[in-house]
Amino acid sequence: MANRSHSFRMPDKPSLDGIEAKWVDVWDESGVYHFDRTRGREDVYSIDTPPPTVSGSLHIGHVFSYTHTDTVARFQRMNGKAVFYPMGWDDNGLPTERRVQNYYGVRCDPSIPYDPDFRPPEKPDAKRQIPISRRNFIELCDELTVEDEKVFEGIWRRLGLSVDWRHTYATIDDNSRAAAQRAFLRNLARGEAYMAEAPTLWDVTFRTAVAQAELEDRERPSAYHEIAFHKPDGTPVHIETTRPELLAACVALVAHPDDERYRDLFGTTVTTPVFGVEVPVKAHRLADPEKGSGIAMICTFGDTTDVTWWRELQLETRPIIGWDGRIIADPPKGIDSEAGREAYATLVGATVHTARERTVGLLRESGDLVGDPKPITHPVKFYEKGDKPLEIVTTRQWYIRNGGRDEDIRAQLLQRGRELTWYPEHMRQRYENWVEGLNGDWLISRQRFFGVPFPVWYPLDADGNPRYDEPLLPTEAQLPIDPSSQVPEGYTEDQRGRANGFMGDPDVMDTWATSSLSPQIASGWERDQDLFERVFPMDFRPQGQDIIRTWLFSTVVRAHFENGTLPWSTTGISGWILDPDRKKMSKSKGNVVTPVALLEKYSSDAVRYWAASGRLGTDTAMDEGQMKIGRRLSIKILNASKFVMSVAGENADTDASLVTEPLDRAMLAALADVVEEATAAFVAYDHTRALERTERFFWDFCDDYLELVKARAYDTESAEGASARAALLIALGALHKLFAPFLPFVTEEVWSWWQDGSVHAGPWPSAAEYRAVAADGDPAVLAATAEVLRAVRKAKSEAKLSMRAEVEHVVVSGKRAESARAAAGDIAAAGRAAGIDFRATDEGELSVEVTLPPAEEDGAAG
RNA sequence: GGGCGCGUAGCUCAGUUGGUCAGAGCAAUUGCCUUACAAGCAAUAGGCCAGGGGUUCGAGUCCCUUCGCGCCCACCA
């Protein structure tokens with residue numbers, strides 16, 4: 001900045017039009033956002049960018065949170081760090097499957113052979129989906145996600161994200177699959193991953209197991225049915241249930257051990273109505289005497305409490321609901337009577353809903369339904385992406401330990417949460433709550449098609465049954481592998497599915513099992529060790545509050561096991577975007593706003609301005625008014641920059657020694673304060689404060705300082721004029737930089753009018769540097785001067801005069817009059833005052849008397 | 001039932017360890033074509049800081065409590 005003369009290349013009529021396209025191209029060609037991988041870990045700032053789900057559409061909430069991260073990235077880059085800012089795409093899993101089904105009008109049927117010539121129909125018919133092979137289906141998934149990713153990248157570039165586009169990954173690509181499989185094999189080898197056959201929450205629509213983290217409760221209508229069981233002597237025992245259709249799956253009754261009403265029954269048996277099955281009556285602390293009749297029927301399985309009872313009381317297993325949510329063909333053990341079997345036969349193949357009606361009918365016929373069902377509304381567990389209640393089905397699944405069944409691991413993971421720096425701090429509480437509330441390990445297998453397959457085969461015995469306890473594993477060098485098309489060591493393809501042959505594990509991993517490795521995948525773990533050492537563990541994980549229990553937690557789990565460290569030192573949690581009615585925006589509510597139209601209407605910088613005005617962790621209303629203000633600010637920066645440059649003239653000099661006037665020094669002293677505050681705010685992940693302070697200074701700079709020094713700056717003869725011009729340019733450079741993280745396009749535009757290179761390459765402004773130029777500058781001078789100017793304006797405004805009107809005389813008095821005196825000439829010029837006096841007194845802070853010329857008589861001018 | 005966050009001008013929000021903290025912007029109103037900007041500029045008006053108690057010389061700011069809003073978790077016969 002010092003000893004530098006500038007020439008200017010600004011347009012006559014600056015505009016925001018076309019500014020995004022222009023700079024997106026320039027940045028792409030110059031590589032200004034490229035990660036410099038010659039730098040060591042201590043000089044690097046690395047970001048674990050959330051990979052957006054490409055099968056969805058970007059909405060304004062994405063723009064909001066990604067902008068926050070981008071302001072951080074830009075600050076760190078300007079401040080001297082090599083910023084590692086990759087982008088991932090989450091194209092793995094169920095959302096992609098659903099999108100492919102709808103987009104092409106197909107569905108996956110793994111029993112169909114591959115058709116290399118298959119092409120999807122021109123006009124897909126969503127109601128008549130064409131069944132295709134798994135391989136054809138996956139090809140379509142790959143095809144469509146590539147297209148979706150192009151669209152997303154285009155929007156991100158237009159928004160001005162300073163991503164290094166050479167570093168992208170997709171959660172289904174080869175590297176991600178290899179990483180997910182490698183991490184899984186290592187988890188398995190260390191005993192952190194295991195297979196178990198157990199009751200599992202099951203979505204009957206998608207026919208897949210579902211993890212605890214993917215559940216949500218929904219209020220559903222139901223009804224209490226009072227049903228009579230019978231003691232051996234025939235006397236009834238009344239229970240109440242909302243799930244009478246599970247009567248055939250009943251394995252016991254249970255009451256609280258202290259419940260006097262049922263104490264005599266414990267250890268005895270009763271008989272189920274209709275099916276005539278003898279079941280034990282048990283005591284268990286979880287039975288609530290207040291609910292229903294105080295005694296409940298335990299079925300395999302109606303809810304998670306049933307699972308607990310079943311496990312702890314070591315009860316029989318009598319499942320009746322199949323993977324498709326329908327009643328299975330074979331009656332469970334225990335239904336031995338002819339009548340019982342006949343009754344069961346009427347339920348076979350029925351959905352849960354139909355089975356309920358039929359069972360109630362059977363109970364009415366047998367006289368064991370007491371009264372009418374009593375309607376209630378109660379919460380029911382759903383898969384968050386599903387629309388039918390979850391059932392509980394016993395299946396074989398893969399799990400990763402997460403502390404849900406292990407106090408040591410739980411304590412270690414809680415400790416990791418405490419080591420992590422959270423913005424805002426209170427979000428840590430959600431992590432703690434979640435980890436403390438875990439009630440089982442992490443179920444990672446899904447019975448789906450488009451995902452990372454488990455890298456596992458099983459040998460088949462002489463009867464063709466898989467030996468699950470002797471899995472066949474690939475070496476890490478072979479990864480990624482697909483066990484459904486590749487063959488384990490020592491076998492040939494013709495042994496697939498045959499006795500004494502082998503079978504591939506048919507399942508795929510849950511999408512979180514891959515995305516939980518995003519830091520490792522992006523950092524080149526086991527693929528690019530040099531890169532890995534420069535960027536891992538990463539610095540920052542930005543993400544939404546809704547996925548603390550999934551993405552954040554599972555990422556901590558994986559890094560804890562694999563790397564023995566946190567995956568990053570800091571996390572920043574974004575708030576929700578609310579629509580103008582303060583409702584959370586979500587696809588299901590249909591109130592989502594798509595961002596492209598807003599970017600076009602207000603400019604990218606304007607939309608970023610709105611986003612940057614929302615703090616981390618704070619829900620923020622979608623507000624076009626803020627975007628309007630952002631646009632106004634952008635235009636103001638164009639105009640103010642142009643003006644300062646035009647006043648400065650050709651070969652303007654910014655040598656610090658030229659700045660001699662008290663007002664100029666005062667302004668620069670105030671600027672130094674702003675730089676200091678903005679820098680501290682960025683370091684503390686408070687981008688909003690950095691923006692606020694910068695903006696406040698900028699508007700004061702324009703409204704007051706610029707007006708005050710305008711006349712003086714035009715004077716090319718005097719030293720005072722040179723002081724103003726140098727100060728103006730120095731401040732302008734600082735403002736361009738301070739705004740750069742928020743408004744990358746307009747700042748780059750104005751920067752290009754007088755500087756070489758990119759403003760985004762830095763350096764970030766230094767408070768010390770401005771303080772040195774300001775020397776003895778006192779911000780009080782600027783404050784007092786601006787206040788006097790405001791008083792003059794007020795007098796004119798109240799007299800309904802033009803700001804250009806002449807003032808006869810101004811008298812400034814009070815304790816702070818002396819501060820304003822230092823800028824007497826500027827005040828007189830800006831206020832168009834013929835005379836001005838200062839009277840330092842001890843009374844009052846600052847008062848201003850303005851004498852206007854006598855008003856002309858009405859009509860006198862006419 | 002447990003936990004977290006929020007309640008400050010009509011609207012959106014600042015207010016960082018208690019002491020010019022009662023603020024900003026928008027909207028409203030009144031004016032000004034002022035040679036960077038009329039998608040601009042200047043000025044005016046607006047609030048018992050949700051209610052009640054307490055600590056303190058002093059409280060939007062700390063403590064207790066009530067009410068309202070939002071979210072997470074648990075329960076779910």
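Residue numbers start from 1 in every chain, and the chains themselves are labelled A, B, ... in the order their sequence lines are given, proteins ahead of strands.
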Phosphate OP1/OP2 of [N]: any [X] side-chain N/O under 4.0 Å:
{"X": "A:T305", "N": "B:C76", "value": "yes"}
{"X": "A:R615", "N": "B:G15", "value": "yes"}
{"X": "A:K710", "N": "B:A36", "value": "yes"}
{"X": "A:Y609", "N": "B:U12", "value": "no"}

CD1 on A:I577 to CH2 on A:W610, rounded to 0.5 Å: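 Separation between the atoms: 3.5 Å.
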
Applying a 4.0 Å non-hydrogen cut-off, can you work out what [X] is touching in the nucleic acid: base, sugar-phosphate, or nothing?
{"X": "A:Q212", "answer": "sugar-phosphate"}
{"X": "A:C702", "answer": "base"}
{"X": "A:L706", "answer": "base"}
{"X": "A:I227", "answer": "nothing"}
{"X": "A:R790", "answer": "sugar-phosphate"}
{"X": "A:R693", "answer": "base"}
{"X": "A:W699", "answer": "sugar-phosphate"}
{"X": "A:A287", "answer": "base"}
{"X": "A:D703", "answer": "sugar-phosphate"}
{"X": "A:R832", "answer": "base"}
{"X": "A:K794", "answer": "sugar-phosphate"}
{"X": "A:D686", "answer": "nothing"}
{"X": "A:K381", "answer": "base"}

Charged N to carboxylate O under 4.0 angstrom, [X] versus [Y]?
{"X": "A:R243", "Y": "A:E391", "value": "yes"}
{"X": "A:D704", "Y": "A:R793", "value": "yes"}
{"X": "A:R285", "Y": "A:E312", "value": "yes"}
{"X": "A:E707", "Y": "A:K710", "value": "yes"}

Aromatic ring proximity A:F682/A:Y423, centre distance under 6.0 Å: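 Ring-ring flag for A:F682/A:Y423: false, centres at least 6.0 Å apart.
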
Near-ring test A:F739/A:F698, centroid separation under 6.0 angstrom: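 Here the rings of A:F739 and A:F698 have centres that are less than 6.0 Å from each other.
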
Residue matched to [N] through Watson-Crick or wobble contacts both under 3.5 angstrom:
{"N": "B:A24", "answer": "B:U12"}
{"N": "B:C49", "answer": "none"}
{"N": "B:U56", "answer": "none"}
{"N": "B:C41", "answer": "B:G31"}
{"N": "B:C6", "answer": "B:G68"}
{"N": "B:C76", "answer": "none"}

Which atom of A:A830 lies closest to which atom of A:L789, heavy atoms considered: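 Scanning both residues completely, I find the closest heavy atoms to be CB-CD1, 3.9 Å.
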
Nearest non-hydrogen partners of A:P273 and A:L363, listed with the distance: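 Smallest interatomic distance, heavy atoms only, reads CG-CD2, 3.8 Å.
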
B:G25: syn or anti, per glycosidic angle within 90° of 0: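 B:G25: anti glycosidic orientation.
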
Nucleic acid footprint by protein, nucleotides 17-28 of chain B - heavy-atom cut-off 4.0 Å, B for base, S for sugar-phosphate alone: ---B---SSS--

Exercise: do A:H6 and A:W754 side chains pair donor with acceptor under 3.5 Å: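 The answer is no; no qualifying pair exists.
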
A:Y602 and its side chain to side chain donor-acceptor pair (under 3.5 Å) partner, picked from A:E624, A:R632, A:R608: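 That would be A:E624; it is the only one of A:E624, A:R632, A:R608 passing the side chain to side chain donor-acceptor pair (under 3.5 Å) with A:Y602.
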
Table of protein N/O atoms under 3.5 Å from nucleotides 31-33 of chain B N/O atoms:
unit_1	atom_1	unit_2	atom_2	d
B:G31	OP1	A:K800	NZ	3.3
B:G31	O5'	A:K800	NZ	3.4

Residue whose closest nucleotide on RNA chain B lies nearer the 5' end, A:H378 versus A:R793: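 Result: A:R793.
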
Among [options], the one nearest [X] by side-chain distance:
{"X": "A:H426", "options": "B:A14, B:C41, B:C4", "value": "B:C4"}
{"X": "A:W434", "options": "B:C73, B:G40, B:A14", "value": "B:C73"}
{"X": "A:K291", "options": "B:C76, B:C37, B:A39", "value": "B:C76"}
{"X": "A:W576", "options": "B:C71, B:A36, B:U12", "value": "B:C71"}

